[in-house]
Amino acid sequence: MIRYLARRLLSLALSLIAASIVIFAVIEVIPGDPAAYMLGLNASPEAVEALRDQLGLNGTAFSRYLDWAGGLLQGDFGQSYTYRVPVAELIGERIQVSLPLAAYALALTVLIAFPVGLIAAARRGRPADWGIMAATQLGIAIPNFWFAMLLVLLFAVKLHWFSAGGFPGWEGGLAAGLKALTLPAIALALPQASILARVMRSSLIDTLHQDYIRTARAKGLTRRQALLRHALRNGLIPVLTIMGLQFSFLLAGAIIIENVFFLPGLGRLIFQAITQRDLIVVESVVMLLVFAVIVVNFVVDIAYGAADPRLRRRR
Amino acid sequence: MRARLPLQFLIGAAIFAAFALAALVSFLWVPHDVTALNIAAKLAPPSREYPLGTDHFGRDMLSMLMVGARTSIAVAILAVGIGMLAGVPLGLWAAARRGSLIDEIIMRGNDLVFAFPSLVIAILITAVFGPSATNAIIAIGIFNIPVFARVSRGAALSLWTRDFIMAARVAGKRAFRISLEHILPNIANVLIVQGTIQFSLGILAEAGLSYVGLGAQPPTPSWGRMLAEAQTMIYTAPRLAILPGLAIVLAVLGLNLMGDGLRDLLDPRLRRARQ
């Protein structure tokens with residue numbers, strides 16, 4: 001297990017370094033000088049030069065990469081070109097919306113998908129299964145931001161149960177904050193829950209064909225007992241993988257959904273940064289998102305290795 | 001067992017064919033010009049003249065949806081093309097040199113690209129080149145590459161252990177020729193199924209990208225942008241927000257049904273497991 005962990009950690013570090021180089025290189029090829037852009041057309045060359053120095057834009061690409069990557073390791077993302085405040089501060093504010101939103105959506109996804117997938121597997125071939133498969137087929141095809149608009153139309157415009165958007169901030173209390181995130185989280189969760197429920201169903205059905213299930217049935221367990229005691233635990237492994245992959249879709253989805261509900265999260269930050277050519281913010285937020293995806297998949301890998309010793313061997 | 005087209009494939013194909021047909025027809029004819037603004041007829045309800053009504057600029061919704069189908073399908077097809085053209089050779093190469101350094105490099109490279117959701121790739125590309133439909137194609141295409149590489153490597157690996165491949169090797173064929181002449185035709189099934197799935201994901205991704213302004217730019221109609229424009233008018237004209245969404249759902253649903261049906265048809269192992 002130690003060797004497995006060490007190998008995965010090394011591969012995690014390499015992935016993060018490779019990802020940071022790719023992101024840095026992409027931002028690097030962008031034409032235009034942020035310093036000149038910040039100061040406007042009438043700036044003197046000396047002022048531009050001084051600002052370039054201050055922003056750390058002088059020096060070779062390699063030394064700038066080391067500066068940037070070194071800063072990232074210490075939580076220093078640099079200064080925003082437009083807001084003139086540390087990027088870490090901007091991100092810190094916005095992540096208080098995006099991260100709870102993604103977590104809320106993930107929780108809903110699991111809460112919906114697990115029972116639904118379980119029922120479909122237990123009632124395989126019966127009307128309940130058929131209905132669930134049809135509903136999830138539809139759920140997969142619905143774009144989350146459109147579903148979000150339909151939710152607004154129904155619950156905000158027609159029923160007035162929720163506000164159509166905006167975020168009161170956590171200072172207003174946990175309940176108010178969660179309420180503002182509820183429609184966005186439902187919109188994010190529905191398509192992902194549909195996918196996960198289908199994975200859960202087919203994974204359970206696969207395990208139900210295994211010999212140990214037959215043994216369990218033979219020693220007198222009912223179908224239901226065999227399903228809950230033996231199949232569920234083994235069937236969860238593929239479900240975990242998909243959940244790891246889904247996290248990246250949830251993060252990306254959260255960025256789009258924030259636009260529907262006018263939530264002040266990372267999504268709004270990054271789109272504003274793109275239009276304002278605040279590249280260091282774009283770079284940092286992208287790095288953060290990719291970092292999150294890589295780390296989550298690392299954690300899933302480790303969870304696997306812990307659950308199934310066979311997987312610790314090299315593929 | 002006789003190979004019959006599954007019912008869900010037929011239903012899916014029929015739905016998708018309707019959209020493909022609408023997109024093709026839109027090249028030759030649309031009921032109304034989608035670039036012509038007619039403020040006098042704005043937000044008109046469905047009528048003989050405008051079967052699905054008009055939008056806030058008086059543009060015909062049916063014509064907009066037809067041209068939007070063209071945008072969605074074109075972006076998704078080209079993105080699948082990029083993914084296949086780059087991903088399949090990489091996957092075949094990795095499988096032919098399985099266990100070697102090149103296999104390791106390709107697979108780790110795959111993992112790396114996989115860590116970038118297509119939206120993030122699109123954000124990066126847009127930051128560099130500005131938004132356009134081309135960038136949406138490239139972003140979704142890059143996202144597709146590791147998908148096809150993984151799928152083709154996995155399918156090819158199991159083929160490499162088979163007797164007929166061994167026979168080809170004994171006959172002195174090089175790995176490149178074996179991959180091209182024996183492996184590729186035998187993984188075509190898997191690739192077609194995956195292609196259908198990526199096609200439908202591509203339509204969803206294109207809608208998302210153009211919704212946030214990273215895809216097709218005005219005046220090119222696209223379903224995602226129609227939704228973005230409709231959002232501010234959701235109180236007064238919910239129809240504008242509902243129609244493009246329905247178009248996306250139906251097109252994606254059709255493709256998914258087609259994909260599932262194809263998989264059942266082409267993969268007898270799955271078919272048996274399901275019964």
Side-chain angles (χ1 to χ4, degrees), chain A residues 11 14-16 18-19 22-23 26-27 29-31 124-125 137-138 140-150 152-153 156-158 164 191 202 205-206 209 245 248-249 251-253 255-256 259-260 267 270-271 273-275 277 279 282-283 285-286 289-294 297 314-315, chain B residues 8 12 99 107-109 111-131 200-201 203-209 211-214 223-224 227-228 230-231 234-235 238 241-242 244-257 260 270 273-275:
Chain A
S11 122
L14 288 177
S15 311
L16 289 176
V22 169
I23 293 167
V26 170
I27 298 290
V29 300
I30 295 178
R124 182 156 64 105
Q137 185 72 265
L138 192 64
I140 291 173
I142 294 180
N144 52 21
F145 60 93
W146 183 60
F147 186 56
M149 290 165 77
L150 295 183
V152 168
L153 198 58
V157 179
K158 293 264 191 280
S202 62
I205 289 176
D206 276 352
H209 284 290
L245 290 176
S248 75
F249 284 102
L251 267 182
I255 286 180
I256 293 184
N259 278 300
V260 183
I270 202 167
F271 288 120
I274 287 178
T275 42
R277 317 242 1 112
L279 297 176
V282 176
E283 192 175 42
V285 177
V286 164
L289 293 174
V290 172
F291 175 86
V293 173
I294 292 177
N297 284 308
R314 257 189 123 62
R315 269 172 289 172
Chain B
Q8 58 174 344
M107 293 320 286
R108 291 292 81 80
D111 289 348
L112 181 64
V113 179
F114 225 70
F116 289 77
S118 60
L119 178 72
V120 168
I121 302 176
I123 285 172
L124 276 176
I125 296 179
T126 308
V128 181
F129 299 108
S200 84
L201 287 176
I203 288 186
L204 277 176
E206 191 276 335
L209 291 179
Y211 171 75
V212 290
L214 299 182
W223 293 341
L227 283 176
Q231 200 185 338
I234 198 156
Y235 296 88
I242 290 172
L246 277 181
I248 298 170
V249 171
L250 282 174
V252 171
L253 188 66
L255 279 167
N256 284 345
L257 289 174
D260 286 0
L270 258 174
R274 281 192 180 178
Q275 278 162 358

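By convention in this document, chain letters (A, B, ...) are assigned in the order of the sequence lines, proteins followed by strands, and residues within each chain are numbered from 1.
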Point to revise | Top of A:G267, A:A19, A:A292 for chain B proximity - count of heavy-atom pairs under 4.5 angstrom | key: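 Option with the greatest count: A:A19.
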
Exercise for review: Could you have a look at A:I274, A:V285, A:I270, A:V260 and say which one has the most heavy-atom pairs with chain B under 4.5 angstrom?
Suggested key: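 Between A:I274, A:V285, A:I270, A:V260, the count favours A:V260.
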
Between [options], which shows the greatest number of heavy-atom pairs under 4.5 Å with chain A?
| options | result |
| --- | --- |
| B:L246, B:T126, B:L209 | B:L246 |
| B:V120, B:L227, B:L204 | B:L227 |
| B:A207, B:G213, B:A205, B:G254 | B:A207 |
| B:P238, B:G109, B:G208 | B:G208 |
| B:I125, B:V113, B:L124 | B:L124 |

With side chains defined as the heavy atoms from C-beta onward, is the minimum distance between [X] and [Y] less than 4.5 Å?
| X | Y | answer |
| --- | --- | --- |
| A:V293 | B:F116 | no |
| A:W146 | B:I248 | no |
| B:V212 | A:F145 | no |
| A:P143 | B:V249 | yes |
| A:L153 | B:Y235 | no |

Check your understanding: Do A:N259 and B:Q231 meet the criterion of a side-chain donor-acceptor pair at a distance under 3.5 Å?
Key ->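 On atom types as modelled, these side chains do not qualify, holding no pair under 3.5 Å.
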
Which atoms of [X] come close to chain B, meaning under 4.5 Å heavy atom to heavy atom: side chain ones, backbone ones, both, or neither?
| X | result |
| --- | --- |
| A:L251 | neither |
| A:V26 | both |
| A:L138 | both |

Given that the side chain runs from C-beta out, which part of [X] has a heavy atom under 4.5 Å from chain A: side chain, backbone, both or neither?
| X | result |
| --- | --- |
| B:I123 | both |
| B:I242 | both |
| B:L250 | neither |

Exercise for review: Heavy atoms only: give me the nearest B:L112-A:A18 pair and the separation to one decimal.
Suggested key: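 Residues B:L112 and A:A18, closest heavy atoms: CD2-CB, 3.8 Å.
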
**Study point:** From CA spacing to verdict: side chain to side chain contact (heavy atoms under 4.5 Å, CB included), B:L214, A:F271
**Key:** CA-CA 10 Å; B:L214 299 182; A:F271 288 120; 3.7 Å; yes

Practice item. Starting at CG of B:L257, measure out to CD of A:Q137 and round the result to the nearest 0.5 Å. Key: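 Reported to 0.5 Å precision, the distance equals 4.5 Å.
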
